[in-house]
Amino acid sequence: MPFLKRHLVKIYVEDPGGWLPGWALVLFGLGLFLLVVWLLSLRPASFPSQFFSFVRSRARLIRPEEVRVRFEDVAGVEEAKEELREVVEFLKDPQKFARLGGRMPKGILLVGPPGTGKTLLAKAIAGEAGVPFFSISGSDFVEMFVGVGAARVRDLFAQAKKHSPCIIFIDEIDAVGRHRIASAGGGHEEREQTLNQLLVEMDGFESQDGIVVLAATNRPDILDPALLRPGRFDRRVEVPPPDLKGREAILRVHARRIPLARDVDLAVVAKSTPGFTGADLANLLNEAAILAARQGKSCVEMEDIEKAKDKILLGRERKGIVISEEEKQLAAYHEAGHALIAYLLPGVDPIYKVSIIPRSHALGVIQQLPIDERHVYPKDYLLKKIMILLGGRVAEEYVFGQASTGAGDDLEKATEIARKMVCEWGMSNRLGPLVFPHREPYGYPGRDFADIRAYSEKTAREIDEEIENIIRKCYENDRELLSRHIKYLHILAETLLEVETIDGETLKNLLSDLKPLKNVRFS
Ligand code: ADP
Ligand code: MG
Ligand code: ZN
């Protein structure tokens, strides 16, 4: 004040009391307070412009001309790309697609660990099809005020309908789509309302409307089953971390923007980066380029890449995502065990891929057609299926002398088949062709969970014994087969350690001097 006075600034003071009654002031203060609370609930980034569109969806609309990503920019996930090509065809001309009898799923779930290119794939679809792309993160729906998330979902779909054909991309859908029962326990009303609104919206449009909802998650296991029902996210596309070839391809994509020195061999880089995702590899080349630039080099040399890799690995070790050499060995023998058994057994579905690239849960996978409920399977087939499932565990035990947790999923599946054989399909000689009802291990919410067991304790014990017999028999068969053909188990495992993924053709070549069995005996 003195400062102002000294500089001859005139000061006027108005007395508000004269024309505003006290209660109006109180109301005004209250309003101001609410305004502040409201503002605080917004994220700083969206402060001024979105102030009056609080309930509008926070989706970012990217116009077709702004989407620069194409399929060729996404590497190392060829299977996912193949599956998604159809979506591009659909978005280019939904009516034509429908006329030709194509049925497009409304919702597609991209499943894979962070950094494998899910967001990139979603953008590439929009880019290839030349359609707008609405991008929003699941956590943007979840606000502190009940009803806001649901309103945002409604608004998002309303906007999308105006811009169709288009893509809605919901990143981290697990933030809204968690299993409602699993997460029960108060305080989740807002999220539930949001989820319900999402379900309503997904049911409310027709696939001819030209909207495809893509969602990404790395936790498909915690999603509410209601989200995965037909007509919602009923198609699932796996986006796994890349294998050796995939890593090289991704490096090539990102190396397009970077001048490389002659001594840089991307195949060698790919070999030395097991467990790296696409994001890690992009980061690797970026870091290397920064290192090179800092030293005033005109291109990136191998030593820059090596240094960048050390830096990233150190960072990653703290996070504990790196696969250790032992784990990799274990995975290789485990998968080789499955594969060798599947190869030896006659009349089973051929293997089209064996891989030790870690996925969300398992350390590796073999890919075979799964058993579905619609077909009729002979008993033999089921027993062979169990043998294949157990093959991983048996190989681990045979080679390393002890079991690991890596086979938990397999054992669960094997036990489930054995249980069905005894209890549902009447395949046990001892118990005869009877059905023993049993409650489902995974019920849907709202379903009756009452135990409907209708047999004696003695029968229950016999059922357990029969299931155990089946598993034990298959286990012994496996052990016998693997020990007889241990040489091939080593060949497969070593190849897997080297190249990480083996396709069906290569598998046949590796085992070319091993004849599959003519038949197997189970009793
Ligand atoms: P996610 O959504 O699965 O977490 P992103 O799509 O966000 O992964 O990937 C982050 C960045 O990593 C991408 O922008 C891209 O530069 C790079 N990247 C990831 N996966 C790939 C891939 N398969 N091919 C090429 N680049 C990839
Ligand atoms: Mg992402
Ligand atoms: Zn397994």
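What you see below is based on every heavy atom in this structure, not just the backbone, and it leaves out hydrogens, waters and symmetry mates. One is the number of the first residue; the rest follow in order along the sequence. We count ligands from 1, going down the list as the structure has it; atoms in each ligand are counted the same way.
When hydrogens are left out, the protein atom nearest atom 18 (N) of ligand 1 is Gly278 C, 3.5 Å; that is the closest non-hydrogen contact. Counting protein heavy atoms only, atom 12 (O) of ligand 1 is closest to Ala279 CA, 3.1 Å. Scanning the protein for heavy atoms near atom 6 (O) of ligand 1, the closest one is Leu120 N, 2.9 Å. Protein heavy atom nearest atom 2 (O) of ligand 1, with residue, atom name and distance: Thr119 OG1, 2.6 Å. Ala75 O, 2.7 Å is the protein heavy atom nearest to atom 23 (N) of ligand 1. Here the heavy atom of the protein found nearest to atom 4 (O) of ligand 1 is Gly115 N, 2.7 Å. Atom 8 (O) of ligand 1 has Gly117 N, 3.2 Å as its closest protein atom, hydrogens excluded (heavy atom only). Ranking the protein heavy atoms by distance from atom 26 (N) of ligand 1 puts His254 NE2, 2.8 Å first.
Atoms of ligand 1 lying under 4.0 Å from at least one heavy atom of Pro114, given by number and element, are 4 (O).
Under the salt bridge (Lys or Arg N to Asp or Glu O under 4.0 Å) test applied with Asp73, the options Arg257, Lys123, Arg68, Arg256 reduce to a single match, Arg256.
Between His338 and His334, the two ring planes are perpendicular [angle over 60°; tilted spans 30° to 60°].
Residues satisfying the side chain to side chain contact (heavy atoms under 4.5 Å, CB included) test with Val520, not counting sequence neighbours, are Leu345, Pro346, Lys384, Leu517, Phe522.
Residue Asp73 touches ligand 1 through its backbone alone, judged by heavy-atom distances below 4.0 Å. Here Val74 has heavy atoms under 4.0 Å from ligand 1 in both its backbone and its side chain.
Side-chain contact, Glu466 with Asn469: a donor N or O sits under 3.5 Å from an acceptor N or O. Looking at Asp174 and Thr217, their side chains do bring a donor and an acceptor atom within 3.5 Å of each other. No donor-acceptor contact under 3.5 angstrom links the side chains of Ser512 and Asn509, judged on distance only.
Nearest to the Zn ion (ligand 3), among the N, O or S atoms that Asp410 has, is OD2.
You'll find the side chain of Val111 stays beyond 4.5 Å of the side chain of Val237, heavy atoms only.
The main-chain N or O of Phe205 is found under 3.5 Å from a side-chain atom of Lys106 such that the two form a donor-acceptor pair.
Ligand 1 lies out of reach of Ala216, whose nearest heavy atom is not under 4.0 Å from it. Put simply, part of Thr116 is less than 4.0 Å from ligand 1, judged by heavy atoms.
Taking the six-membered ring wherever Trp is involved, the centroid distance between the rings of Phe169 and Phe134 does not fall below 6.0 Å.
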